[in-house]
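Reading through the structure tokens given below for one structure.
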Amino acid sequence: MYLGELSGLKLGKATRDAFGDALRALGEKYPDVVVVDGDVGNSTRTEVFAKAFPDRAINVGIAESNMVSVAGGLAGAGKTPVVASFACFLMCNAYDQIRMSVAFPGLNVKLVGSHAGISIGEDGPSQMGIEDVSLACSLPGVAVIVPADAIAAAAATEAMLQYQGPVYLRLGRPKVAEVYKHGCHFEIGKAQTVREGDDATVIANGLMVAAALDAAELLKREGVSVRVIDMATVKPIDEEAILKAARETGRLVVAEEHLAHGGLGSCVASVASRIAPVPMAFVNLGDGFAESGDPDGLLVKYGLTPEAIVEAVRKVR
Amino acid sequence: MTNMISLDALQEKARVIRRHIINMTTAAASGHPSSSLSATEVVTALFFGGFMNYDPRHPDTPDRDRFVLSKGHAVPVLYAAMAEAGFFPVEDLLTLRKLGSPLEGHPNMRRLPGIDASTGSLGQGLSVGIGYALAARMNKKPHRVFVLIGDGEMGEGQVWEAIATAHKYQLGNLTAIIDQNGFQQTGASKDVLDQTPFASKFEAFGWKTQTINGNDMPSVVNALNVATQITDGPSVIVSQTRKGFGIIPVLEAENDLNYHGKPLSPALAEKALALLEK
């Protein structure tokens, strides 16, 4: 059973695959794009671009700090570097380099963190980026994007290249359900309502959008009508969408594959508490590291399930 | 090339820049004059010896050579050189570190045109320089990249990542300069974390090296002449200097040859400036 199956969604590509294919497809259109890899290009899928455009691909080896600052220099010279590594190694290992060589000078570097969340599975906690969104959001001027599926990830890839300034794009390892099988109009900073409803709103991103849709389906059976919003851009966050959801449904649940602190839940709560305080509940990884195991089993054990979202909606009702 | 001048004129320019360093840090009542003074010959030669192509009226011109001051705390020497080169009025030097001034305590490329890298967190400049050098190669442009690194800064692991990367890509348009002034924040570099010998380590990483007396202008000019002729791989100048060069007697009298991260008092500045008279 995969997230989204209950709502009849088809299993699609992984977001990292969609990103890699999209980057390759956009290579001709965006001639300034250069890939900078820390020797994980076959995991992050930048290798698809690197094979097509070998003169526009740099591999600095296993050296994330150097990788990010090299990208800063490339951007200073007018290139659009796309720097990709595992979310945890990019954000945690190279945080100061992102701060000093990218965010502070406001350079046009695209930071891509794959293998985010616990859904990477067997490789275990050392490889799981579960604090990356918080770290990225803490840096002034960095846009933070967490696409829900392959279609959104491909659209986000182009949106990121068109955007002037630093961006963090968070990607996952496993295949995920197709939320946007009928197409996705992706815009940085704009939330998308993927299911209408009146009794409560679940705001989610990443693979938890599919989980939220499943939860809405389960709650429908109880006669509860749940709105689902895909908040793919965590920063700058769509305040309008939060305000509207809070006013129209009166209750908010935020679901994400991330620690409790500093992620989507924190960002939504800080907006809601300021402009539309309503009862809220949160579905996330709390304040702990996970463990090795199969991805589906991990999601269940660590509470990232449709049932957990159903429980949270009941709690705020 | 911009501003190629004679050896005598370069030495005179270095003297003027040293005076600016003293004046601006004493006016700011903070900053790193001794770390700036050690690197004065190198920065002066780069800006006025005909080694760097730049246009103060169009600081962002894409074909300019790049200068990355990785040891960002030594920025007074860079501001002084930029003012002398005409990037901004010399009077602005006295706004160093003051609220509203783009002459911040460490270089901020967003606020001061002509600054090629925002630095101050040590260890990142060589990597940034590699990015510039790779971009120049991809764009088939002939410009060069110079990166000035502190010897204490060599304790940062990222510098060694960058050294390996510059060799991998055989960046013949990249010149690194180590300002080996022998001191860092809490003491002598050989005591804090001895990273020497630099030259043989760089050689082992596949770089071409020169080791010079970096406070001797003819040696600096000669080394930059050699370095800028190298095009088949990265090269480094190990510039052996003295922290506070030009005002050493003042530091000796204070019994502090490191004198890290503090300005001269107005009284000491007067003594220092007396040493820097023509």
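Treat the numbers as computed from the prediction; the structure is a model and nothing was measured.
- In terms of heavy-atom proximity, B:M109 sits nearest to A:L107 at CE-CD2, 4.1 Å.
- By the 4.5 Å heavy-atom criterion applied to side chains, B:L134 and A:V70 are counted as neighbours.
- Taking chain A as the reference chain and counting heavy-atom pairs below 4.5 Å, the highest number among B:G125, B:S118, B:A133, B:G120 is found for B:S118.
- Both the backbone and the side chain of A:I58 come within contact range of chain B, judged by heavy atoms closer than 4.5 Å.
- For B:R66, the part lying under 4.5 angstrom from a heavy atom of chain A is the side chain only.
- Separating the CE atom in A:M67 from the OG atom in B:S127 is a distance of 11.0 Å, to the nearest 0.5 Å.
- Contact annotation for A:V36: neither backbone nor side-chain heavy atoms come within less than 4.5 Å of a heavy atom of chain B.
- Environment of CZ in A:F289: sparse, with no more than 12 heavy atoms of neighbouring residues, nucleotides or ligands closer than 6.0 Å.
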Assess whether side chain to side chain contact (heavy atoms under 4.5 Å, CB included) is satisfied between A:F104 and B:N108, documenting all intermediate values.
CA-CA 8 Å; A:F104 176 49; B:N108 182 346; 3.4 Å; yes
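- Using a 4.5 Å heavy-atom cutoff, the side chains of A:V34 and B:M138 are in contact.
- Counting non-hydrogen atoms of neighbouring residues, nucleotides and ligands closer than 6.0 angstrom, the NZ atom of A:K51 reaches no more than 12 such neighbours.
- Using a 4.5 Å cut-off between heavy atoms, B:A162 touches chain A through backbone and side chain atoms alike.
- More than 12 heavy atoms of other residues, nucleotides or ligands sit less than 6.0 Å from atom CZ of B:R137.
- Closest of all the heavy-atom pairs between B:R110 and A:A103 is NH1-O, 3.6 Å.
- Shown here is A:K190, whose NZ atom has no more than 12 heavy atoms of other residues, nucleotides or ligands within 6.0 Å.
- In terms of heavy atoms, B:E161 sits closest to A:E64 at OE1-N, 4.5 Å.
- A:F53 pairs by the ring pair (Phe, Tyr, Trp, His ring centres under 6.0 Å) definition with A:F49, not counting sequence neighbours.
- Crowding of A:E291 atom CD: a count of heavy atoms from other residues, nucleotides or ligands under 6.0 Å exceeding 12.
- Counting heavy-atom pairs closer than 4.5 Å to chain B, the top-ranked of the candidates A:P105, A:A75, A:A77 is A:P105.
- Residue contact with chain B, scored on non-hydrogen atoms closer than 4.5 Å, involves the backbone and the side chain of A:D96 alike.
- Side chains of B:N139 and A:K79: a donor-acceptor N/O pair is present below 3.5 angstrom, by distance only.
- Within 6.0 Å of CD1 on A:I62 lie no more than 12 heavy atoms contributed by other residues, nucleotides or ligands.
- Taking all atoms of both residues into account, the shortest heavy-atom contact from A:N59 to B:K168 is O-NZ, 2.6 Å.
- Summarising the local packing, CD of B:Q185 is surrounded by 12 or fewer heavy atoms from other residues, nucleotides or ligands at distances under 6.0 Å.
- No donor-acceptor pair under 3.5 Å is formed between the side chain of B:Q124 and the backbone N or O of A:S69.
- Contact of the A:L74 side chain with the B:Y132 side chain is not registered, since no non-hydrogen atoms from C-beta on lie closer than 4.5 Å.
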